[in-house]
Amino acid sequence: MRSCADLLRASIWAKSLTGAELRQVESEMIERVVPAGGFVSHKGEPVDHWIGVIDGLLKLSSMSSEGKAVTFAGIPGGAWFGEGSVLKSEPRRYDVVALRESRVALMTRATFTRLLDSSIPFNRFLLNQLNERLAHFIALVEYDRMLDPDARVARCLAALFNPYLYPGVGPQLQISQEEIGLLSGVSRQRANQALQVLEKKGLLRVEYGGITVLDLEGMGRYGS
DNA sequence: TCATTAAATTGTT
DNA sequence: AACAATTTAATGA
């Protein structure tokens, strides 16, 4: 994807809008480039945007009291997130960090609320997305206790391929093993080891600078 | 188009 | 954490 307009074209909720509505939404959006390792937004900051990822890869994470980083989710290109905090007008509850150089689109609260008030498909989209995320977090609580890094990597990746949350992600994804490590909370070396285990089990194929998922089901239930 | 070089990524210690 | 091997991307003939 190259621009805000491309992102809108690829977003399901935007498909039902008229050309005029779409143009207005687009004109009200702000595009921002975030360098690798840069922050899209910090925990505790006031939230006044719904954020869409035009291109790149983000992670939502937080620091535990002991200073350990805990990743909640990876956000690939084509996805939207942050509706929870926009809806509740609360400060952001996690850090948003770009794992690689990324381009994001910021939708102002005004636009967001207008869509919320006027578009049924938009509401349906949000409802579905919130529901999918709930399922994701329940799964997170489960596997947070299992310490097997292979399983953590498997489930982190499986979450990235969720077709409802991330419709733009095909079976093949460009992601380095270092990024997988950052997402899963394991070292790059361990991520490499885990990927080889998963490849041997036929769940995915390891490629240069990316992976192809062969058995999404199996990845999601790995380790249980 | 091909060869060379630099940069990124992977596999191993 | 450091190293070597491998792949890709960029450059220029």
Side-chain angles (χ1 to χ4, degrees), chain A residues 1-7 10 31-41 51-79 81 95-105 140 143-144 146-163 165-223:
Chain A
M1 274 191 265
R2 302 257 145 250
S3 66
C4 275
D6 289 332
L7 176 60
E31 185 175 329
R32 230 174 87 201
V33 177
V34 185
F39 281 80
V40 174
S41 94
I51 303 178
V53 184
I54 299 169
D55 199 39
L57 182 63
L58 311 180
K59 74 166 176 179
L60 312 185
S61 62
S62 191
M63 288 293 195
S64 70
S65 45
E66 301 123 28
K68 278 182 76 175
V70 183
T71 298
F72 300 125
I75 311 286
F81 71 95
D95 288 319
V96 184
V97 184
L99 292 181
R100 64 174 82 129
E101 179 172 286
S102 303
R103 291 214 313 288
V104 298
L140 252 185
Y143 88 71
D144 187 46
M146 354 180 272
L147 292 176
D148 180 8
D150 294 342
R152 294 178 46 152
V153 169
R155 301 216 174 180
C156 256
L157 288 176
L160 264 189
F161 289 89
N162 180 324
L165 289 178
Y166 312 129
V169 179
Q172 206 280 339
L173 180 65
Q174 288 294 117
I175 182 171
S176 74
Q177 300 184 358
E178 184 172 15
E179 291 168 335
I180 292 174
L182 290 170
L183 268 185
S184 315
V186 303
S187 69
R188 180 182 69 78
Q189 292 92 319
R190 197 57 189 77
N192 177 280
Q193 203 175 318
L195 286 174
Q196 304 203 15
V197 170
L198 297 175
E199 183 173 43
K200 279 209 176 58
K201 305 217 175 200
L203 296 175
L204 54 77
R205 193 165 51 235
V206 179
E207 289 145 11
Y208 182 85
I211 60 171
T212 297
V213 171
L214 303 174
D215 180 1
L216 185 53
E217 274 276 306
M219 299 259 295
R221 75 166 91 267
Y222 189 90

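Proteins get letters first, then strands, A, B, ... in listed order; numbering begins at 1 in each. What's counted below: heavy atoms across the whole structure, side chains too, no hydrogens, waters or symmetry copies.
The CD atom of Glu178(A) sits 11 Å away from the P atom of dA1(C) (whole-angstrom rounding). Atom CD1 in Ile175(A) sits roughly 15 Å away from atom C1' in dT10(B) (whole-Å rounding). Remark: C1' of dT9(B) and CD of Glu207(A) are 13 Å apart, rounded to the nearest angstrom. The distance from atom CG of Leu195(A) to atom P of dG11(B) is 8 Å, rounded to the nearest whole Å. Distance OH (Tyr208(A)) to C1' (dT8(C)): 5 Å, rounded to an integer number of Å. Here the C1' atom of nucleotide dT10(B) and the CZ atom of Arg205(A) are 17 Å apart, to the nearest Å. In this structure, the CZ atom of Arg188(A) is 15 Å from the P atom of dA4(C), given to the nearest Å. For the pair Leu57(A) CG and dA8(B) P, the computed distance is 17 Å after rounding to whole Å.
Within the 4.0 Å cut-off from OP1 or OP2 of dG11(B), at least one side-chain nitrogen or oxygen of Gln177(A) is found. Side-chain nitrogen and oxygen atoms of Asn192(A) include none within less than 4.0 Å of the OP1 or OP2 phosphate oxygen of dT10(B).
When all heavy atoms of Arg103(A) and Glu31(A) are compared, the pair lying nearest together is NE-OE2, 3.0 Å.
Distances from the side chain of Gln189(A) to the nucleotides dG11(B), dA8(B), dA2(C) place dA2(C) closest.
Around atom CD of Glu199(A), more than 12 heavy atoms belonging to other residues, nucleotides or ligands sit under 6.0 Å away.
By the ring-ring contact (aromatic ring centres under 6.0 Å, His included) test, Tyr208(A) pairs with no residue at all, sequence neighbours left out.
Electrostatic pairing of Arg190(A) and Asp150(A) counts as a salt bridge here, judged by a charged N lying under 4.0 Å from a carboxylate O.
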